[in-house]
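Read the structure below first, then the notes.
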Amino acid sequence: MNHQGTIALISVHGDPSVEIGKEGAGGQNIYVRHVGDVLAGKGWKVDMFTRKVDPKQEDIVEHSPNCRTIRLQAGPLSFIGRSQLFEHLSDFVDSFLQFEHQTERLYPLIHTNYWLSGWVGLRLKERQPMRMVHTYHSLGSIKYQNVEDIPLIAEKRVQIERNCLENADRVVATSPHELEDMRSTLSEKGEVEIIPCGTKTETFGLVSREEARKRLDIPQDQKMIIYVGRFDPRKGLETLVRAVNRPEVRQHDFHLYIVGGSHSDQKDQAERDRIENLVHSLDIADYVTFTGQLDHSKLPTYYSASDVCVIPSHYEPFGLVAIEAMASGIPVVASAVGGLRFTVDPEETGLLAPARDDHAFSECIDRVLSQPDMRDRMGNAGKQSVHDNFSWDGVTDQLSDLYQRLLLDLHQEFVQLQSISQLNETHQRQKKQQLRTAKSA
Ligand code: UDP
């Protein structure tokens, strides 16, 4: 295998070595970890940097000979929510530089994830010659348009998002819609390439619905609706709960599985409490199961057992859950927002409904539950679409190509600088020679 180069993936708040599906793991952890693993398999040497949140955590976790997670100390060794992390970022920059110094290396290429890591990347770029790629994972500039309580950090976050777009060497948009959002809310400047997120196509869709239900002890004749994700108001779970309470869905013998949740994140817990209270107040607790957070390896069986996966987000930059469900061969009913408009092809691989519109969601869910032929046709088309467009293999080929182009560009700049400094030296020598000649004359 050819050695491709060395890269640092920076994910300050999402530890890529946390077992996927365990506490604190979301789309970003999964993205960074899979990008790291697959790139390492393609010959890159990948170091993934994150913040150490517990004194018991190892500083370095080796995932494979070419891929490891490096935990840096920045602030206290305890979990700190994203909205409180900014003040510890300069420590993260210092720890990164110290690590480079101690191990006598300079990373020529960094790929930063989320605005917090973007800020770190911009500071590092000021300090040493490197190329920086940035992925947002979520845009504050869009998110805050849909939020009532705008946090204090909002203004700073949007400014940093703008700086990343204008000053990173390349921004990766995961869908054309994310690119539109960046241009309309942040800046017209900056170079962007569209490279989607991917999924491990080979791990999903391996069991039949019947077999999956046997394994999970779910009745074969029940209609199973699944939601997978964090408890965050922007995920729109309230819309889904209200939708299943409407007559269009209640006419079916249905059960809703809500998969996900974190105990260490207070915001997550607060939203979970709110949704559980809503389920009780609507008197539908018998039709809803909260599974809690599930190990990622258990998810394929849940998806396969389901008739439909619902993603009612108010805003979704990409939405890994959509492609996981499609890879599992089930249709997706999703809000017509962000990346979901890119991944879900309406009437082909699923249905789109306006965000927050529980009536529209209940009609879409009813259509899928009432028509098993349509469900199966959409499921098969979804599987094909993920295979063609969103496999990690294809996605990391595109990233690899981008990194190589940027490294070549850095190399050329370096060669140019060297020849300029050589020219300067020659020029200086000639000047000194002229002076000497003039003096002796
Ligand atoms: N996930 C998981 N176990 C859970 C809940 C979620 O492994 O109990 C995974 C899910 O399969 C998906 C990711 O968490 O890969 C969520 O990513 P997505 O892009 O949909 O949302 P984000 O968390 O980035 O907002």
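Here the structure is a predicted model, which is why all the values come from computation and not from measurement. Start at 1 with the first residue, then count along the sequence. Numbering of ligands and ligand atoms starts at 1, following listing order.
- The proximity of Asp232 to ligand 1, defined as any non-hydrogen pair under 4.0 Å, does not occur for either the backbone or the side chain.
- At a heavy-atom cutoff of 4.0 Å, ligand 1 is contacted by the side chain of Val228 but not by its backbone.
- Atom 20 (O) of ligand 1 has its nearest heavy-atom neighbour, among Thr174, Val321, Thr199, in Val321.
- In Gln293, the parts holding a heavy atom less than 4.0 Å from any atom of ligand 1 are both the side chain and the backbone.
- The distance criterion of under 3.5 Å between nitrogen or oxygen atoms is not met by Asp295 with respect to ligand 1.
- The CD1 atom of Ile60 sits 9.0 Å away from the CG atom of Leu72 when rounded to the nearest 0.5 Å.
- Only the side chain of Ile30 comes within contact range of ligand 1, with a heavy atom under 4.0 Å; no backbone atom does.
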Set out, in order, the CA-CA distance, both residues' side-chain angles and the distance that settles ring-ring contact (aromatic ring centres under 6.0 Å, His included) for Tyr107 and Phe49, then state yes or no.
CA-CA 12 Å; Tyr107 290 92; Phe49 289 87; 5.4 Å; yes
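- For Gly292, no nitrogen or oxygen atom sits less than 3.5 Å from a nitrogen or oxygen atom of ligand 1, counting backbone and side chain alike.
- Taking the six-membered ring where the residue is Trp, Phe290 and Phe231 present parallel rings, their angle staying beneath 30° rather than reaching 60°.
- The number of heavy-atom neighbours closer than 6.0 Å to NE2 of His255, taken from other residues, nucleotides and ligands shown, is above 12.
- Under a 4.0 angstrom heavy-atom cut-off, Arg234 registers as being in contact with ligand 1.
- Relative ring orientation between Phe204 and Tyr303 is described as perpendicular, the plane-to-plane angle rising above 60° on a 0-90° scale split at 30° and 60°.
- We find that Arg157 and Glu161 are joined by a salt bridge, their nearest charged nitrogen and carboxylate oxygen being less than 4.0 Å apart.
- Counting heavy atoms closer than 4.0 Å to ligand 1, residue Lys235 contributes side-chain atoms (C-beta onward) but none from N, CA, C or O.
- Considering CE of Met48 and CG of Asn29, their distance stands at 10.5 Å, rounded to 0.5 Å.
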